[in-house]
Number of protein chains: 2
Amino acid sequence: MKDRNPVPPPHPARDVTEHVGYRLKRSAAALRGAMDKALREHGLTVPQYACLELLDEQPGLSNAELARGAFVTRQSMNVVLRGLQEAGLVARPSTTDHGRALPAHLTEEGRDRLDAARNAVYAIERQMIDAIPPRRLTALLADLDRMTEALGG
Amino acid sequence: MKDRNPVPPPHPARDVTEHVGYRLKRSAAALRGAMDKALREHGLTVPQYACLELLDEQPGLSNAELARGAFVTRQSMNVVLRGLQEAGLVARPSTTDHGRALPAHLTEEGRDRLDAARNAVYAIERQMIDAIPPRRLTALLADLDRMTEALGG
DNA sequence: GCTCGTATGTCAAAATACTGACATGAAAGA
DNA sequence: TCTTTCATGTCAGTATTTTGACATACGAGC
C-alpha cells in the first residue's frame, strides 16, 4: 500500500473551492452563462458576438487574428465566420492580392445586430463592475493581466 | 441609412480588450490552456481532473453534484464519469437503497493518479499567485466572488 | 535562385458539450 | 392516500470545439 503524497497547497486553503483557479473558472462560467442567455435573444452565440465586436473595432481582421482575439482555434473561428457570412452579418473577399489572409468586415446588418446585442452585454458588464468596490477595479484588471501573462497567455 | 446606436461603455475603455469580461475570459483561457497542457502528460482532461479533485475532498458525491461543482451539465459529467470508471479511477455502485443519486468515490488508482496530477496543477496555481502582489490575493478572490454572485452564478 | 521557417485557410475526423426528453425516486402538501 | 413538485440518471440528437493534417503564401538567410 503506497502512501499518499500530500502536496502542500499553493496558499492556505481548506478545499479546492478556495483556489484561485477554481474561483476564476467559476466567474468565467457565470459570465459565459449570463452572456449565453442574453445573446440568445439576439440570435447570437458568445463566439459570434466576440467576432462582431472585434471586427467593429478592427475592420479587416483575418480569420486567424479573430481566433486569437476570441481565444479559440483557427478552425473554430472559421466555423463561426462561415455562420456569420451566411447570416449576412459579415463579408469577406474570396481572394486577395497579397498573402493568404482574407480581411473580414461587418455588413450594415452586422453593425445593426451588434448595436442591439451590445446593450445586453454591457448590462452584464455593468453588473460585474457594480459588484466590486470602484477603487479595486483597476487593480483587479491588472491582477488578471499578471496572471494571464504568468501563464503564457 | 440608420444611425448607429453608440452605447456608453460601462467604464472608461478604449476598446473591448479593456472590459472586465474580456480580461476575465482571457485569464480563464490562459488557465485552461496551461492546465490542458500539464494534465495531458498525466492522461487527464480538465473536467476529469476536476471530478477527481472534488471526489477526493467529498467522497460520495453524485453525478449531478459533481456536474455543478465542475460547471458542466449533468449529461457532460455523466460522460466524464463513465470515462473515469472505465479507466478504473472512479467507482460507483449500480444501485442504491435510498434515492436515485449514486455516490461515486475514488479507487486506489484514482487517488494515485490525482496525487501525481496535482503537482502539475499546483505549480500552475503557484504561478498565478506569485504573479500578483500577496496583499491583493484575498481581495482578488473576494472580487471574483462578488462578480460571480452578481451574475447569478 | 533556393531553402527554411513561419503564418494562414481549410478539410476531415474525433472529442466534447449542450439541449430536449423521459422515467424513476423522494419529499411535501392537500 | 393521493397528487404535486422537484431532483436525479440516462438516452438520443445536435452543435460546438478541438486535434491532426495538408497546401499555399510570404519573408529571411544563404
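Within every chain, numbering begins at 1; the chains are lettered A, B, ... in the order of the sequence lines, protein sequences first and strands thereafter.
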Check your understanding: Do the side-chain N or O atoms of R82(B) get closer than 4.0 angstrom to the phosphate oxygens (OP1, OP2) of dC11(D)?
Key -> yes
Exercise for review: Look at the side-chain N and O atoms of T73(B) and state whether any lies under 4.0 Å from the OP1 or OP2 oxygen of dC18(C).
Suggested key: yes
Review point. Salt bridge check: are R40(B) and D36(B) linked by an N-O gap of less than 4.0 Å?
Key: no
Check your understanding: How many Å lie between CZ on R32(A) and P on dT16(D), as a whole number?
Key -> 10 Å
Practice item. For R74(A) and dT19(D), give me the distance from atom CZ to atom C1', rounded to whole Å. Key: 11 Å
Study note, to complete from the structure: Separation of dA15(D) atom P from E86(A) atom CD, nearest Å, is 12 Å
Review point. When you match H98(A) and V79(A) each to their closest nucleotide on DNA chain D, which lands nearer the 5' end?
Key: V79(A)
Review point. Quick one: the side chain of Q75(B) and the base of dG13(D), do they pair up donor-acceptor inside 3.5 Å?
Key: no
Review point. To the nearest angstrom, how far is L66(B) atom CG from dT10(D) atom P?
Key: 12 Å
Revision key, fill the gap. Rounded to the nearest 0.5 angstrom, the CD-CG distance for Q48(A) and L114(A) is 12.0 Å
Review point. Taking N and O atoms by type only, does the side chain of R100(A) place a donor or acceptor under 3.5 Å from a partner on the base of dA23(D)?
Key: yes
Exercise for review: Using atom CG of L81(A) as one end and atom P of dT17(D) as the other, report the distance to the nearest whole Å.
Suggested key: 13 Å
Revision key, fill the gap. By nearest-heavy-atom nucleotide on DNA chain C, the more 5' of V72(B) and N63(A) is N63(A)
Review point. Just how far, in rounded Å, is P of dA15(C) from CG of D36(B)?
Key: 15 Å
Review point. Any idea which of dA17(C), dT17(D), dG9(D) is nearest the L102(B) side chain?
Key: dG9(D)
Exercise for review: Would you tell me if any nitrogen or oxygen in the side chain of R68(A) comes within less than 4.0 Å of OP1 or OP2 on dT8(C)?
Suggested key: yes
Point to revise | Distance test, side-chain N/O of N78(B) to OP1/OP2 of dG9(D), below 4.0 Å | key: no
**Study point:** Side-chain donor-acceptor contact under 3.5 Å, N78(B) with R74(B)
**Key:** no
**Study point:** Value rounded to 0.5 Å, distance of CG in L144(B) from CG in L140(B)
**Key:** 4.5 Å
Revision key, fill the gap. Ranking P103(A) and R40(A) by the position along DNA chain C of their nearest nucleotide, the one closer to 5' is P103(A)
**Study point:** Among H19(A), M147(A), R146(A), the one residue meeting side-chain contact (heavy atoms from CB on, under 4.5 Å) with M128(B)
**Key:** M147(A)
**Study point:** Euclidean distance, atom OH of residue Y49(B) to atom P of dT16(C) [Å, nearest integer]
**Key:** 18 Å
Check your understanding: Under 4.0 Å: is that the gap between some side-chain N or O of R92(B) and OP1 or OP2 of dT10(D)?
Key -> yes
Exercise for review: Whole angstrom is fine here: how far is it from CE in M77(B) over to P in dA7(D)?
Suggested key: 19 Å
